[in-house]
Amino acid sequence: MSETVKIGKCIIQTDLHYLVEDHSWVRFNDDGSVTVGITDVAENMAGPILHVYARKKGMRQKGQSLATIESGKWVGPLKAPITGEILEANAALDKDPGVVNRSPYGEGWVVRMKPAKLDEERQFFLTGDAAVEAYRKRIDEQNLKACAEVAPDCG
Amino acid sequence: MREDAEGKKVLVIQTHGIDTPRRTYSPLFYAMAAASMDMEVLVWFTMDGTSQLKKGAAEKIKLDPESDVTLRTMLERTKEEGVKLYVCQQSMTLFGMTEEDLLDGVEIMGAATIIDLTLGADVVMYF
């Protein structure tokens with residue numbers, strides 16, 4: 001069941017599977033494909049996303065770039081969380097990359113893949129409470145200010 | 001994205017330093033973008049570009065006063081993305097810098113090396 005947990009202003013959706021170190025999430029779909037995106041923590045760190053430049057369809061090894069994501073102050077890869085084939089990129093991001101900020105776990109997905117080694121690679125993901133705690137720890141250890149709530153106005 | 005981009009070698013030459021802050025961020029940004037596309041990226045700091053690699057210098061350069069991101073942040077991010085940083089030995093001498101003055105993770109090379117790197121690169125971006 002999908003539940004959202006807030007760490008500061010950043011949201012973790014507990015039904016998804018995460019590679020916290022790469023700020024990526026995956027959703028295992030009923031048809032055997034995997035949907036991949038960046039986490040709410042990542043989009044908060046990046047700020048308004050200006051471009052999402054996805055790789056073309058084809059095989060990618062775990063850790064290779066699936067897309068280059070650019071904001072005004074950051075540019076970096078969405079690393080492949082699994083080995084597999086890119087089936088499609090989210091075409092909606094071409095015209096409106098800001099949807100990654102508005103809906104990182106929904107309409108802001110980046111690519112859909114066909115896994116090649118999921119039996120081996122599934123063990124690397126965290127989900128549910130374990131994912132929330134791992135992210136909480138990372139945010140604390142690295143002092144990720146992007147998730148800090150703005151102090152309430154007491155006036 | 002061009003499929004033949006992956007594995008290409010990009011050499012970025014940076015000749016601007018802390019006296020011209022607005023010319024310091026973009027070359028690193030392009031280097032990170034290329035690295036995020038699975039290219040092999042090298043940044044070569046020479047002439048005034050050498051000044052930004054002196055310990056304590058890049059922390060003072062910030063383009064957006066509202067942001068926490070300094071030039072030092074950009075240099076660290078560039079390294080984290082797997083970009084290799086090189087500095088010109090002769091330029092260091094010009095700035096009175098020794099190896100101890102240099103940020104960690106920057107390799108010192110001579111002029112012949114830059115020629116070699118240039119010949120080996122698929123594309124050279126000069127700033």
Side-chain angles (χ1 to χ4, degrees), chain A residues 21-24 36 38 42 44-81 83 85-91 93-94 97 100 110-111 138-139 141-148 150, chain B residues 1-12 14 21-43 52 58-85 105 122-123 125 127:
Chain A
E21 65 275 21
D22 288 344
H23 295 296
S24 62
V36 185
I38 69 166
N44 269 292
M45 288 168 65
I49 304 292
L50 303 176
H51 298 283
V52 177
Y53 195 53
R55 305 299 303 237
K56 284 185 177 172
K57 293 177 186 176
M59 277 299 293
R60 308 300 293 160
Q61 298 298 314
K62 183 178 186 299
Q64 283 189 307
S65 175
L66 292 177
T68 297
I69 297 176
E70 297 181 37
S71 69
K73 62 179 182 179
W74 182 81
V75 60
L78 167 59
K79 293 180 181 174
T83 302
E85 183 185 351
I86 297 178
L87 298 173
E88 65 172 329
N90 185 354
L93 304 185
D94 293 344
V100 175
V110 179
V111 298
R138 175 158 189 189
I139 288 167
E141 283 177 354
Q142 300 192 351
N143 191 23
L144 299 181
K145 295 173 184 168
C147 292
V150 176
Chain B
M1 182 182 287
R2 291 169 61 97
E3 282 306 287
D4 56 1
E6 187 181 325
K8 294 280 188 188
K9 274 192 181 179
V10 179
L11 172 62
V12 177
Q14 169 59 299
R22 287 188 177 278
R23 301 189 74 102
T24 56
Y25 274 44
S26 293
L28 298 176
F29 208 79
Y30 292 133
M32 282 189 273
S36 79
M37 297 158 78
D38 287 339
M39 296 186 211
E40 185 180 343
V41 191
L42 320 170
V43 183
Q52 60 182 280
E59 289 87 336
K60 296 172 187 161
I61 306 298
K62 190 192 278 191
L63 290 192
D64 177 2
E66 304 291 315
S67 169
D68 289 339
V69 177
T70 66
L71 178 57
R72 176 64 187 269
T73 317
M74 295 290 287
L75 288 163
E76 292 303 320
R77 284 183 185 171
T78 306
K79 284 192 286 181
E80 286 167 13
E81 293 300 331
V83 175
K84 293 175 187 160
L85 307 185
D122 292 294
V123 64
M125 300 177 77
F127 295 93

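Below, chains carry the letters A, B, ... as their sequence lines are ordered, and counting in each starts from 1.
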Tell me whether the count of non-hydrogen atoms from other residues, nucleotides or ligands lying under 6.0 Å of [atom1] in [X] goes above 12.
{"X": "B:K9", "atom1": "NZ", "result": "no"}
{"X": "B:R23", "atom1": "CZ", "result": "no"}
{"X": "B:K84", "atom1": "NZ", "result": "no"}

Specify the closest pair of heavy atoms between A:Y53 and B:M37, including all atoms of both residues, with the distance to one decimal.
->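 Heavy atoms of A:Y53 and B:M37 come nearest at CE2-CE, 3.7 Å.
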
State, to 0.1 Å, how close B:S36 and A:G76 come at their nearest heavy-atom pair, and which atoms those are.
->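 Nearest heavy atoms, B:S36 then A:G76: CB-C, 3.5 Å.
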
With sequence neighbours left out, what residues match B:R72 under side chain to side chain donor-acceptor pair (under 3.5 Å)?
->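 In terms of side chain to side chain donor-acceptor pair (under 3.5 Å), with neighbours along the sequence ignored, B:R72 is linked to B:E59, B:E76.
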
Give the member of B:E80, B:R77, B:M74 that has the highest number of heavy-atom pairs under 4.5 Å with chain A.
->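 Greatest number of close heavy-atom pairs with chain A: B:R77.
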
salt_bridge(A:R60, B:E6) N-O dist < 4.0 Å =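 Result for this pair is yes, salt bridge flagged.
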
Is a donor on one side and an acceptor on the other found under 3.5 Å between the side chain of B:D38 and the backbone of A:S65?
->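 Yes; at least one donor-acceptor contact below 3.5 Å.
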
Which atoms of B:D68 approach chain A - backbone, side chain, both or neither, heavy atom under 4.5 Å |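 For B:D68, side-chain heavy atoms alone lie under 4.5 Å from chain A.
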
Ring pair (Phe, Tyr, Trp, His ring centres under 6.0 Å) against B:Y30, all qualifying residues, sequence neighbours excluded =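 Ring pair (Phe, Tyr, Trp, His ring centres under 6.0 Å) list for B:Y30, sorted by chain: B:F127.
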
